[in-house]
**Q** 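For reference, the structure I am asking about is given below.
Every heavy atom of this structure was used, including side-chain atoms; hydrogens, water molecules and symmetry mates were not.
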Amino acid sequence: MTVRVRFAPSPTGYLHIGGARTAMYNQLFAKAMGGKYILRIEDTDTERSERKYEESQIEDLKWLGITHDEGPDVGGEYGPYRQSERLHIYKTWAEKLIDKGHAYHCFCSEEELTAKKELAEKEKRAPHYDGKCRNLTVEEVTSKLASGEEAVVRFHAQRKAYVFNDYVRGRVVFPEGMVGDFVIMRANGIPVYNYAVVVDDASMKITHVIRAEEHLPNTLRQLMLYEAFSETPPEFAHVSLLIGEDRQKLSKRHGATSVTLYKEMNYLPNALLNYLCLLGWSHPNELDVFNPLELGTLFNLDRFTKAAAIYDVKKLDFINGQHIKALPIETILTEVEKTIPSTHQFHKMDHEWKIACVTIFKDQINFFQDFASHLDVLFTTEVSTSADYLEAKSWETTPKIREYLEGEINIAIVAGKKFVTVEDYNIWSEHVKGELKIKGKQLFMGMRSVLTHQAHGPELKFIIPLTPIEILEKRIHL
RNA sequence: GCACCCAUCGUCUAGCCCGGCCUAGGACACUGCCUUUUCACGGCGGCGACUGGGGUUCGAAUCCCCAUGGGUGUACCA
């Protein structure tokens with residue numbers, strides 16, 4: 001039997017990182033098992049569902065590199081993949097249930113129901129439906145329906161315990177009497193979540209349901225439904241929740257929770273996935289930095305943690321930096337270029353210069369946009385006010401270095417050079433050492449203070465050949 | 001309220017199922033040293049946890065019970 005898994009988001013907002021994580025786990029499992037990963041849109045909440053959210057979610061999934069084998073946009077043999085287009089299916093399946101005596105029409109009004117519920121709570125009884133409409137005769141039902149009375153379809157819940165085995169939770173027991181007869185079809189003919197899920201998962205031949213832990217209690221109703229349909233339930237894996245610092249389920253007030261935001265903040269999709277993957281799952285070789293999409297058969301359902309994970313992006317930033325470092329230099333250049341203001345002199349430089357520049361700074365950034373700030377050491381004519389700098393400047397050897405370098409730079413300018421070379425720089429430092437007899441700290445710090453007006457920075461032999469000569473000239477006269 | 005789930009460094013986690021190899025391992029963050037005559041990178045260290053109490057056992061982070069804490073659910077939302 002081929003493995004079939006699905007991710008089933010509601011198009012009521014942008015793709016949430018928790019959703020992205022679930023989608024990823026599903027796809028990884030499908031990949032590891034050589035199965036299929038299906039995207040299904042659960043838009044039965046007609047009030048809040050919007051097509052634009054469906055589109056943006058699919059787009060974000062695509063950005064992350066999570067692609068489905070079947071779905072509303074790509075089709076497949078188990079379609080349609082949008083619940084709003086499957087209404088006829090839910091209706092037929094509900095009729096089957098009614099025929100078999102597993103479900104019935106219920107005409108109770110909302111007022112009646114809330115009154116009973118309040119009474120039950122007051123008397124400390126479980127607020128379950130009392131089954132008033134359960135024993136209506138076929139004639140009564142048809143006449144009520146014919147007279148236009150509104151009716152929902154209610155499932156007749158069995159009084160028995162349900163047990164199932166969860167890949168991450170282990171053996172889960174739902175004792176008898178946890179739920180009463182629950183609604184499966186609303187009065188307007190739209191199915192309720194727990195029912196639609198079962199009809200879809202069964203008819204789409206889903207073999208494994210990997211979803212967040214908040215769905216664990218739903219499993220009971222779903223198990224009841226599978227039983228009534230005489231369908232074998234899928235295997236379940238209820239993955240631990242992502243929570244905020246306050247230990248509550250992650251939501252908008254916890255900050256950046258939508259994938260779109262991470263895309264905008266310039267995170268690498270693989271880095272985000274890598275981080276999300278590690279929240280509740282561990283690599284068999286205890287790796288921290290890897291590309292989840294390339295896990296292959298290394299991914300399995302045995303390595304999930306049961307406890308909820310606090311979503312804290314500090315490690316994500318680190319992982320992003322690691323992923324950047326692993327990128328080909330040309331790719332880093334392209335990405336980095338997008339983040340530098342269009343008026344910046346960087347863009348006027350030739351390719352070779354840019355590559356050299358990226359090579360120097362790429363190990364120091366966690367984000368592409370961090371790069372621009374490192375460029376200052378090549379272009380700025382600002383003077384440091386740090387104590388270290390002032391000290392280096394006050395040495396009696398420093399003016400001698402300045403005087404010498406001023407001459408050298410003038411020569412280079414007259415010769416028409418736009419940049420000095422590493423060789424030039426080496427000659428300079430040899431001269432300062434040999435002729436001026438300045439060495440050690442006085443040499444290096446002295447040259448740095450004269451050439452950059454800073455006390456610290458990347459190695460001079462790397463940055464000086466990349467600094468435009470007119471900048472060097474300006475600095476030497478400051 | 002009721003039901004269900006969970007509990008290892010500040011955070012993510014390994015170990016737990018099949019008790020001894022755990023003076024509890026790794027990563028992020030923080031921090032010290034080394035290296036690079038600076039900074040960063042890197043390397044090597046440091047800080048830092050088995051929620052509490054009972055039991056079972058020669059031996060418990062690992063098994064059992066209770067307590068505590070936290071979470072989720074309890075809809076004609078998903």
**Q** Please report the shortest heavy-atom distance between A:Val141 and A:His105, naming the atom on each side.
**A** CG1-CD2, 3.6 Å
**Q** Go through the structure and list residues passing salt bridge (charged side-chain N to carboxylate O under 4.0 Å, His left out) with A:Arg402, not counting sequence neighbours.
**A** A:Glu406
**Q** Within residues 450-461 of chain A, which residues have any heavy atom lying less than 4.0 Å from an atom of RNA chain B?
**A** A:Ala455, A:His456, A:Gly457, A:Pro458, A:Glu459
**Q** Could you tell me from which nucleotide to which nucleotide of RNA chain B, 5' to 3', there is an atom under 4.0 Å from chain A heavy atoms?
**A** B:rA3 to B:rA78
**Q** State whether a side-chain donor-acceptor pair under 3.5 Å links A:Asp200 with A:Tyr81.
**A** no
**Q** Which residues in residues 381-393 of chain A have at least one heavy atom lying under 4.0 Å from any atom of RNA chain B?
**A** none
**Q** Measure from NZ or CZ of A:Lys144 to the centre of the six-membered ring of A:Phe107, then state whether that distance is under 6.0 Å and the direction lies within 45° of the axis.
**A** yes
**Q** Using the rule given for salt bridge (charged side-chain N to carboxylate O under 4.0 Å, His left out), can you reason through A:Arg48 versus A:Asp43, listing the C-alpha separation, both sets of side-chain angles and the distance that settles it, and then say yes or no?
**A** CA-CA 8 Å; A:Arg48 298 192 297 146; A:Asp43 54 354; over 6 Å; no
**Q** Does any nucleotide pair with B:rG10 by Watson-Crick or G-U wobble geometry, both distances under 3.5 Å, and what is it?
**A** B:rC28
**Q** Classify A:Arg169 by what it touches in the nucleic acid, base, sugar-phosphate, or nothing, heavy-atom distance under 4.0 Å.
**A** sugar-phosphate
**Q** Using the P atom on both, measure B:rG15 against B:rC77 and round to a whole Å.
**A** 41 Å
**Q** Select base, sugar-phosphate, or nothing to describe what A:Val173 touches, counting heavy atoms under 4.0 Å on all strands.
**A** sugar-phosphate
**Q** Side-chain polar contacts of residues 155-162 of chain A - donor-acceptor pairs under 3.5 angstrom, sequence neighbours left out - could you list them?
**A**
residue	atom	partner	partner atom	Å
A:Lys160	NZ	A:Glu227	OE2	2.5
A:Tyr162	OH	A:Glu227	OE1	2.6

**Q** If we ignore angles and hydrogens, is there a donor and acceptor under 3.5 Å between the side chains of A:Arg169 and A:Ser240?
**A** no
**Q** A:Arg303 or A:Leu443: which one's nearest nucleotide on RNA chain B is closer to the 5' end?
**A** A:Arg303
**Q** Going by salt bridge (charged side-chain N to carboxylate O under 4.0 Å, His left out), name the residues that satisfy it together with A:Glu150, two or more places apart in sequence or in a different chain.
**A** none
**Q** Under a 3.5 Å cut-off for both contacts, is B:rG42 paired Watson-Crick or G-U wobble with anything, and if yes, with which nucleotide?
**A** B:rC34
**Q** Identify whether the distance between the nearest side-chain nitrogen and carboxylate oxygen of A:Glu42 and A:Arg40 falls below 4.0 Å.
**A** yes
**Q** Tell me, which of residues 210-226 of chain A have any heavy atom that sits under 4.0 Å from an atom in RNA chain B?
**A** A:Glu213, A:Glu214, A:His215, A:Leu216, A:Pro217, A:Asn218
**Q** Quick one: label A:Lys306 by what it contacts on the DNA or RNA (base, sugar-phosphate, nothing), any heavy atom closer than 4.0 Å.
**A** sugar-phosphate
**Q** Using a strict 4.0 Å threshold on nitrogen-to-oxygen distance, state whether A:Asp166 and A:Arg171 make a salt bridge.
**A** no
**Q** Would you kindly compare A:Val172 and A:Thr305 by the position of their nearest RNA chain B nucleotide and give the one closer to the 5′ end?
**A** A:Val172
**Q** Do any of residues 241-248 of chain A sit with a heavy atom less than 4.0 Å from RNA chain B, and if so which?
**A** A:Leu241, A:Arg247, A:Gln248
**Q** Contact class for A:Ala307 vs. all strands (heavy atom < 4.0 Å): base, sugar-phosphate, or nothing?
**A** sugar-phosphate
**Q** Please list, in numerical order, the residues of residues 356-380 of chain A that have a heavy atom closer than 4.0 Å to any atom of RNA chain B.
**A** A:Asp363, A:Gln364
**Q** Sequence neighbours excluded, which residues qualify as salt bridge (charged side-chain N to carboxylate O under 4.0 Å, His left out) partners of A:Glu54?
**A** A:Arg51, A:Arg82
**Q** Which label fits A:Phe174 and A:Phe164: parallel for a plane angle under 30°, tilted from 30 to 60°, or perpendicular past 60°?
**A** parallel
**Q** Quick one: label A:Gly280 by what it contacts on the DNA or RNA (base, sugar-phosphate, nothing), any heavy atom closer than 4.0 Å.
**A** sugar-phosphate
**Q** Write down the distance separating the P atoms in B:rG26 and B:rC5, rounded off to the nearest Å.
**A** 34 Å
**Q** Rounded to whole angstrom, note down the C1' distance from B:rU62 over to B:rU57.
**A** 13 Å
**Q** At 4.0 Å (heavy atoms only), tell me whether A:Tyr193 reaches a base, stays on the sugar-phosphate, or touches nothing.
**A** base
**Q** Mind checking if A:Glu286 touches a base, just sugar-phosphate, or nothing, with heavy atoms under 4.0 Å?
**A** base
**Q** Please give the distance between the C1' atoms of B:rG69 and B:rU23 as a whole number of Å.
**A** 29 Å
**Q** Taking it one step at a time, do A:Tyr37 and A:Phe7 satisfy ring pair (Phe, Tyr, Trp, His ring centres under 6.0 Å)?
**A** CA-CA 8 Å; A:Tyr37 160 65; A:Phe7 173 56; 7.3 Å; no
**Q** Taking B:rC2 as the reference, what is the distance to B:rG25 when you measure between their P atoms (whole Å, please)?
**A** 42 Å
**Q** Base, sugar-phosphate alone, or nothing: which one does A:Lys439 contact when heavy atoms must sit under 4.0 Å apart?
**A** base
**Q** Do the side-chain N and O atoms of A:His453 and A:Thr380 include a donor-acceptor pair separated by under 3.5 angstrom?
**A** no
**Q** Can you check the distance between B:rC30 and B:rG70, where both ends of the measurement are the C1' atom (answer in whole Å)?
**A** 27 Å
**Q** Rounded to whole angstrom, note down the C1' distance from B:rG20 over to B:rG10.
**A** 31 Å
**Q** Under 4.0 Å between any heavy atoms, over every strand shown, what does A:Ser240 touch: base, sugar-phosphate, or nothing? Just pick one.
**A** nothing
**Q** Using purine N1 to pyrimidine N3 plus N6-O4 or O6-N4 for Watson-Crick, or N1-O2 and O6-N3 for G-U wobble, each under 3.5 Å, what pairs with B:rC2?
**A** B:rG73
**Q** Where do A:Asp201 and A:Val209 come nearest, in terms of heavy atoms and distance?
**A** OD2-CG2, 3.8 Å
**Q** What donor-acceptor contacts under 3.5 angstrom involve side-chain atoms of residues 275-282 of chain A, with partners at least two apart or in another chain?
**A**
residue	atom	partner	partner atom	Å
A:Tyr275	OH	A:Asp312	N	3.1
A:Tyr275	OH	A:Asp312	O	2.6
A:Trp281	NE1	A:Asn300	O	3.0
A:Ser282	OG	A:Arg303	NE	3.3
A:Ser282	OG	A:Arg303	NH2	3.1

**Q** What residues, two or more places apart in sequence or in another chain, satisfy ring-ring contact (aromatic ring centres under 6.0 Å, His included) together with A:His431?
**A** A:Tyr404
**Q** Taking only the C1' atom of each, what is the distance from B:rC50 to B:rC63 in whole angstrom?
**A** 15 Å
**Q** Verify whether one side chain among A:His456 and A:Asp388 offers a donor that lies under 3.5 Å from an acceptor in the other.
**A** yes
**Q** Given A:His254 and A:Tyr311, is the side chain to side chain donor-acceptor pair (under 3.5 Å) satisfied, shown in steps?
**A** CA-CA 9 Å; A:His254 289 104; A:Tyr311 185 76; over 6 Å; no
**Q** With a 4.0 Å cut-off on heavy atoms, is A:Pro175 in touch with a base, just the backbone sugar-phosphate, or nothing at all?
**A** sugar-phosphate
**Q** Can you tell me the pairing partner of B:rC47 across any strand shown, Watson-Crick or G-U wobble, with both distances under 3.5 angstrom?
**A** none
**Q** Is it the case that A:Thr12 and A:Ser10 place a side-chain donor and acceptor less than 3.5 Å from each other?
**A** no
**Q** Evaluate the ring pair (Phe, Tyr, Trp, His ring centres under 6.0 Å) criterion for residues A:His323 and A:Tyr267: first the C-alpha distance (whole Å), next the side-chain angles of each, then the deciding distance (0.1 Å), finally the verdict.
**A** CA-CA 10 Å; A:His323 280 261; A:Tyr267 279 91; over 10 Å; no
**Q** Who is the Watson-Crick or G-U wobble partner of B:rC18, with both distances under 3.5 Å?
**A** none
**Q** Assign A:Val152 to base, sugar-phosphate, or nothing according to its heavy-atom contacts below 4.0 angstrom with the strands shown.
**A** base
